[in-house]
Amino acid sequence: QVQLVESGGGPVQAGGSLRLSCAASGRTFRNFVMGWFRQAPGKEREFVATINWSGGNTYYADSVKGRFTISRDIAKSAVDLQMNSLKPEDTAVYYCAADSQITRATMRGLVEYDYWGQGTQVTVSS
């Protein structure tokens, strides 16, 4: 049974940094795309960043490009999201997700992912 467990969220002031981590278990993710998505109150869920588990290719939403970095630790079976220069508009519940289809659409977060974590809250105050 696949499990994705996020950690690392919390309150932070604008301009600060947080590092989210997603522990992935239950199967091998070698041919998966791992992603981070977020949902702010009253808004739809939106794509943040993805990484190809095998090749390490990454893709970012324009709103986070240059501030966020996604990475994976194969040995630990974890995917991290380093978030720098945080802004109040980054406030949201952040979700880790995994999908077995390595496609352009998947990398851009345009498909419904196979597996999802429970989410971790990030609150950025001004």
Side-chain angles (χ1 to χ4, degrees):
Q1 181 178 352
V2 172
Q3 275 198 316
L4 302 175
V5 180
E6 303 96 337
S7 62
V12 63
Q13 288 197 328
S17 298
L18 276 178
R19 188 176 185 89
L20 306 183
S21 187
C22 172
S25 63
R27 63 162 299 149
T28 177
F29 293 92
R30 194 173 72 174
N31 295 316
F32 272 62
V33 172
M34 308 298 290
W36 285 95
F37 294 77
R38 66 186 182 187
Q39 187 166 19
K43 295 188 177 181
E44 292 189 354
R45 187 177 64 202
E46 66 173 354
F47 161 76
V48 175
T50 49
I51 187 166
N52 177 326
W53 187 269
S54 294
N57 299 332
T58 58
Y59 191 78
Y60 296 91
D62 287 343
S63 59
V64 306
K65 203 173 294 183
R67 300 188 298 123
F68 291 11
T69 302
I70 189 172
S71 61
R72 88 271 195 241
D73 187 327
I74 294 174
K76 294 182 179 179
S77 193
V79 178
D80 290 348
L81 185 69
Q82 177 66 41
M83 306 186 295
N84 299 328
S85 302
L86 282 161
K87 305 174 181 179
E89 51 263 44
D90 294 319
T91 295
V93 177
Y94 283 71
Y95 297 92
C96 176
D99 195 84
S100 59
Q101 300 295 316
I102 303 177
T103 67
R104 190 170 180 173
T106 308
M107 288 296 292
R108 282 157 173 73
L110 298 176
V111 302
E112 183 61 34
Y113 274 47
D114 295 329
Y115 305 103
W116 292 86
Q118 292 300 306
T120 185
Q121 176 71 46
V122 171
T123 303
V124 184
S125 59
S126 57

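Ring geometry, Phe37 versus Tyr113: the interplanar angle exceeds 60°, so the pair is classed perpendicular (tilted spans 30 to 60°). Ring planes of Tyr95 and Trp116: perpendicular class, angle over 60° (limits at 30 and 60°).
Taking CZ of Phe32 as the reference point, atom CG of Asp99 lies at 7.5 Å (rounded to 0.5 Å). Atom CZ of Phe68 and atom OG of Ser17 lie 9.5 Å apart (nearest 0.5 Å). To the nearest 0.5 Å, the span separating OH on Tyr59 from CZ on Arg108 amounts to 4.0 Å. The CG atom of Leu110 lies 10.0 Å from the CZ atom of Arg104; values are rounded to the nearest 0.5 Å. If you take CE on Met34 and OG on Ser77, they are separated by 7.0 Å, rounding to the nearest 0.5 Å. Here the straight-line distance linking atom OG of Ser100 with atom CZ of Arg30 works out to 14.0 Å at 0.5 Å rounding.
In the hydrophobic cluster analysis, where Ile, Leu, Val, Met, Phe, Trp and Tyr join through side-chain heavy atoms closer than 4.5 angstrom, Phe29 is grouped together with Leu20. Hydrophobic clustering (ILVMFWY, side-chain heavy atoms < 4.5 Å, transitive): Val93 and Val124 are in distinct clusters. Both Val111 and Ile102 belong to a common hydrophobic cluster when Ile, Leu, Val, Met, Phe, Trp and Tyr are linked at side-chain heavy-atom distances under 4.5 angstrom. Neither Leu4 nor Val33 shares a network with the other; the hydrophobic side chains, linked directly or stepwise wherever heavy atoms of I, L, V, M, F, W or Y lie under 4.5 Å apart, form separate groups for each. Under a hydrophobic-cluster definition in which Ile, Leu, Val, Met, Phe, Trp and Tyr are linked whenever side-chain heavy atoms come within less than 4.5 Å, directly or via other members, Tyr115 and Tyr94 are assigned to the same cluster.
Ser126 places no side-chain N or O within 3.5 Å of a backbone atom of Pro88 that could act as its donor or acceptor partner. Between the side chain of Arg72 and the main chain of Ser54, a donor-acceptor pair closer than 3.5 Å is present. The main-chain N or O of Met107 is found under 3.5 Å from a side-chain atom of Thr50 such that the two form a donor-acceptor pair. Looking only at distances, no side-chain donor or acceptor of Thr58 sits under 3.5 Å from a matching main-chain atom of Ile51. At least one donor-acceptor pair closer than 3.5 Å links the side chain of Glu6 to the backbone N or O of Gly119.
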side-chain contact (heavy atoms from CB on, under 4.5 Å) between Leu81 and Arg38, worked out: CA-CA 12 Å; Leu81 185 69; Arg38 66 186 182 187; over 6 Å; no

Pair Val122-Met83, side-chain contact (heavy atoms from CB on, under 4.5 Å): steps then yes or no: CA-CA 10 Å; Val122 171; Met83 306 186 295; 3.9 Å; yes

Ser71 vs Arg19, side-chain contact (heavy atoms from CB on, under 4.5 Å): CA-CA, chis, key distance, verdict: CA-CA 11 Å; Ser71 61; Arg19 188 176 185 89; 3.7 Å; yes

Criterion side chain to side chain donor-acceptor pair (under 3.5 Å) on Asp80 and Gln82, from CA distance to verdict: CA-CA 6 Å; Asp80 290 348; Gln82 177 66 41; over 6 Å; no

Worked verdict on Tyr60 versus Arg67 for side-chain contact (heavy atoms from CB on, under 4.5 Å): CA-CA 10 Å; Tyr60 296 91; Arg67 300 188 298 123; over 6 Å; no

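Crowding of Glu112 atom CD: a count of heavy atoms from other residues, nucleotides or ligands under 6.0 Å exceeding 12. The environment of Lys65 atom NZ is dense: over 12 non-hydrogen atoms of other residues, nucleotides or ligands sit within 6.0 angstrom. Residue-environment remark: CD (Gln118) stays at or below the threshold of 12 foreign heavy atoms within 6.0 Å.
Here the shortest heavy-atom pairing between Asp90 and Ser85 reads OD2-O, 4.4 Å. Listed here is the closest heavy atom pair of Lys43 and Gln39: O-NE2, 3.0 Å.
Thr120 is linked by a side chain to side chain donor-acceptor pair (under 3.5 Å) to nothing, counting only residues two or more places apart in sequence or in another chain.
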